[in-house]
2 protein chains.
Amino acid sequence: METTKTRVLLAEDDDSLGMLMKDFLLAKGFEVELCVNGKKAFDTFSKKDFDLCILDVMMPEKDGFTVAKEIRMVNKHIPIIFLTAKSMKEDIIEGFNKGADDYITKPFNTEELLVRMQAVMRRIQPANKDADEFQVGLYHFNYKNQSLEFKGNNQKLTTKEAELLKLLCVNQNDVLDRNFALKAIWHTDSYFSSRSMDVYVTKLRKFLKEDPKVQIINIHGKGFKLYVEKV
Amino acid sequence: METTKTRVLLAEDDDSLGMLMKDFLLAKGFEVELCVNGKKAFDTFSKKDFDLCILDVMMPEKDGFTVAKEIRMVNKHIPIIFLTAKSMKEDIIEGFNKGADDYITKPFNTEELLVRMQAVMRRIQPANKDADEFQVGLYHFNYKNQSLEFKGNNQKLTTKEAELLKLLCVNQNDVLDRNFALKAIWHTDSYFSSRSMDVYVTKLRKFLKEDPKVQIINIHGKGFKLYVEKV
DNA sequence: TTTATCTGTTAATGATTGTTAAAACAATAA
DNA sequence: TTATTGTTTTAACAATCATTAACAGATAAA
């Protein structure tokens, strides 16, 4: 299983500092997109997927707080770290209220930056990928046994059914990207694999239809979401 | 529905500072357990459930880093904030490596402490806890569900419809900038995306026409406003 | 007013997804 | 080996979705 690099959106208007930070982060194995002002920062954010944002507070065109506010409208959970020259308390407090996860006061050393990035990301860990038992509404799904239980009724699943359901469970209430699932289960994202996946979605929907609070929702052009309504 | 108080484990060997912080946090509605050294801190942690830990670094018997390490062995996710008199970078870095979520240098003001506690706790919220649900006049909109309910009638929405309605809801009674929405949803602000958006506005207006107090108003050259008349 | 631009709406088009059934494939027992 | 059974893929068709086209109406600038 391949682990993809952490994608960092870096917005810093000071060219030399920005380049330096970018090179440092690249050297540390991150994927970095550097933007020189707030306007470009949000543009870039809207075009690609990122795992973490580092925003300078004072930038031309659009300041870091505004960018953070816009990012939060679209994505409530992506970690945001502010960079600020001031260490003014008001600034810090405003930053947190705008949805920051952390902030760093310039000048900072690179080690500290790294360690704060790690701390902020440690909490974002998605559901345990290694788990093999899942509660899905009133259903209980055991991946290893390939079984799906509902009110004492035990339904045996095929390998592909179980694999797909597991991926959906790991991403419960969140989008499971179609191509990601295809590569993970079918090891190719060809047209026919995709159609095959659709067939399996239909099968899983039939298995899960007894509990109306459980739905597999299609996100057009993206993938599927196993949505489980809270009580 | 009663919301239980946030339970804070506070470890601080300076009596006067400890008492002061405890009283402040109590006044702010937290449940606080104050420990005067590291040994007692871990003892207390192992006896009760907590939501957040604030650990002074320098304490007799057992320093804050050691306590954090012990806590992390038992609980990987509880937020930990360190208090330290030093602002030495090495200390900060060691703290994070021991599993800290944040770090505050003495002297600090109470506002900053609060805001950091909130930031750190917001981070650990599981992704499905914060429901993307909105009340729009007599309508109830569930984003993750892609459904719009009106008087028991449930209307399924498409992905794009739901995304646009969500942005309108987030900016309820305020202008949703056209280009912002285009970038956020269509990832480009081209002419055709813009026309597509207009088509979706028409669709949403049809869905929302049952409640006359709910309107999507065009702000010429700017964008759209989801206007909900107050009672 | 005239003109260019922006918005409202409906319908047509192509792409994606939903579903069922048949075909192909794989594993196992006779 | 062949028959049997279960699984997965492919085919076929239906339904839905997002974009584009087309035209009408509204708005702001000249």
Side-chain angles (χ1 to χ4, degrees), chain A residues 46 143-148 154-168 175-209 214-227, chain B residues 143 145-148 154-168 175-209 214-227:
Chain A
S46 69
Y143 172 68
K144 277 199 168 173
N145 295 348
Q146 302 191 179
S147 70
L148 185 64
N154 206 287
Q155 168 68 54
K156 207 87 185 80
L157 298 183
T158 71
T159 307
K160 280 268 181 329
E161 286 162 1
E163 285 179 326
L164 182 55
L165 184 52
K166 182 184 174 184
L167 275 193
L168 285 165
V175 187
L176 168 63
D177 185 81
R178 181 175 210 114
N179 284 321
F180 174 83
L182 286 174
K183 281 176 200 151
I185 301 176
W186 279 265
H187 314 294
T188 161
D189 56 0
S190 71
Y191 168 80
F192 286 117
S193 304
S194 196
R195 300 308 286 122
S196 194
M197 178 169 164
D198 289 330
V199 172
Y200 279 95
V201 168
T202 297
K203 290 181 189 198
L204 290 181
R205 279 181 177 143
K206 272 183 191 159
F207 290 140
L208 295 170
K209 70 170 188 288
V214 178
Q215 293 163 267
I216 299 178
I217 296 170
N218 171 251
I219 311 300
H220 196 95
K222 275 273 175 220
F224 294 90
K225 174 159 69 182
L226 176 63
Y227 178 74
Chain B
Y143 170 68
N145 213 359
Q146 301 189 176
S147 72
L148 185 64
N154 206 286
Q155 169 68 54
K156 214 79 187 87
L157 299 183
T158 73
T159 306
K160 279 262 163 14
E161 286 161 1
E163 286 178 325
L164 182 55
L165 184 52
K166 182 189 168 188
L167 275 194
L168 285 165
V175 187
L176 168 63
D177 184 81
R178 182 174 209 114
N179 284 318
F180 173 80
L182 287 174
K183 284 176 198 160
I185 300 175
W186 278 265
H187 314 295
T188 161
D189 56 0
S190 71
Y191 168 79
F192 286 120
S193 302
S194 195
R195 299 307 288 124
S196 194
M197 177 170 164
D198 289 329
V199 172
Y200 278 95
V201 168
T202 297
K203 290 181 189 197
L204 289 181
R205 280 179 177 143
K206 274 183 190 158
F207 289 139
L208 296 170
K209 70 171 187 289
V214 178
Q215 289 162 265
I216 299 178
I217 299 168
N218 172 252
I219 313 298
H220 195 91
K222 278 278 172 206
F224 294 91
K225 177 171 7 187
L226 176 64
Y227 177 70

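From a predicted model like this one, the values you see are computed outputs, not experimental measurements. Lettering follows sequence order; numbering is per chain, from 1.
- When heavy atoms are screened at a 4.0 angstrom cut-off, B/Asn218 is found touching the sugar-phosphate backbone but no base atom.
- Both tests hold for A/Lys166 against A/Tyr143: distance to the six-membered ring centre under 6.0 Å, angle to the ring axis within 45°.
- In this structure, A/Ile217 places its CD1 atom 12 Å from P of D/dC17, rounding to the nearest Å.
- Counting to the nearest Å, the C1' atom of D/dC17 and the NZ atom of A/Lys222 are 16 Å from each other.
- One finds a side-chain N or O of A/Trp186 lying less than 4.0 angstrom from the OP1 or OP2 phosphate oxygen of D/dT9.
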Task: Base-contact (B) and sugar-phosphate-only (S) positions in nucleotides 22-30 of chain D, heavy-atom cut-off under 4.0 Å, - elsewhere - done: B----SS--
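- Taking atom CG of B/Leu182 as the reference point, atom P of D/dA18 lies 15 Å away to the nearest angstrom.
- Counting only heavy atoms from C-beta outward, the side chains of A/Leu157 and A/Phe207 approach each other to under 4.5 Å.
- For DNA chain C, the outermost nucleotides in 5' to 3' order that have an atom under 4.0 Å from a heavy atom of chain A are C/dT16 to C/dT20.
- Nucleic acid contact class of B/Phe224 (heavy atoms, under 4.0 Å, all strands): sugar-phosphate only.
- A donor-acceptor pair under 3.5 Å is formed between the side chain of B/Thr159 and the backbone N or O of A/His220.
- Between the NZ atom of A/Lys203 and the P atom of D/dT7 there is a distance of 9 Å, given to the nearest Å.
- Two residues are said to be in side-chain contact when any heavy atoms from C-beta on lie closer than 4.5 Å; A/Leu208 and A/Leu226 meet this criterion.
- Under a cut-off of 6.0 angstrom, the local environment of NZ in B/Lys156 is crowded, with over 12 non-hydrogen atoms contributed by other residues, nucleotides or ligands.
- Of the residues in residues 156-165 of chain A, those with a non-hydrogen atom less than 4.0 angstrom from any atom of DNA chain D are A/Thr158, A/Thr159, A/Lys160.
- Side-chain contact between B/Val201 and B/Arg205: present, with at least one pair of heavy atoms (C-beta onward) separated by less than 4.5 Å.
- We find that NZ of B/Lys206 is positioned 14 Å from P of D/dC17, with the value rounded to whole Å.
- Protein atom CG of A/Leu204 is 14 Å distant from nucleotide atom P of D/dT7, rounded to whole Å.
- Considering every non-hydrogen atom in both B/Leu167 and B/Ala181, the closest pair reads CD1-CA, 3.8 Å.
- In this structure, B/Gln146 and A/Ile219 approach most closely via the heavy-atom pair OE1-CD1, 3.2 Å.
- Here the P atom of nucleotide D/dA21 and the CG atom of B/Asp198 are 15 Å apart, to the nearest Å.
- Looking at B/Phe224 and B/Met197, their side chains come closer than 4.5 Å, going by heavy atoms from C-beta outward.
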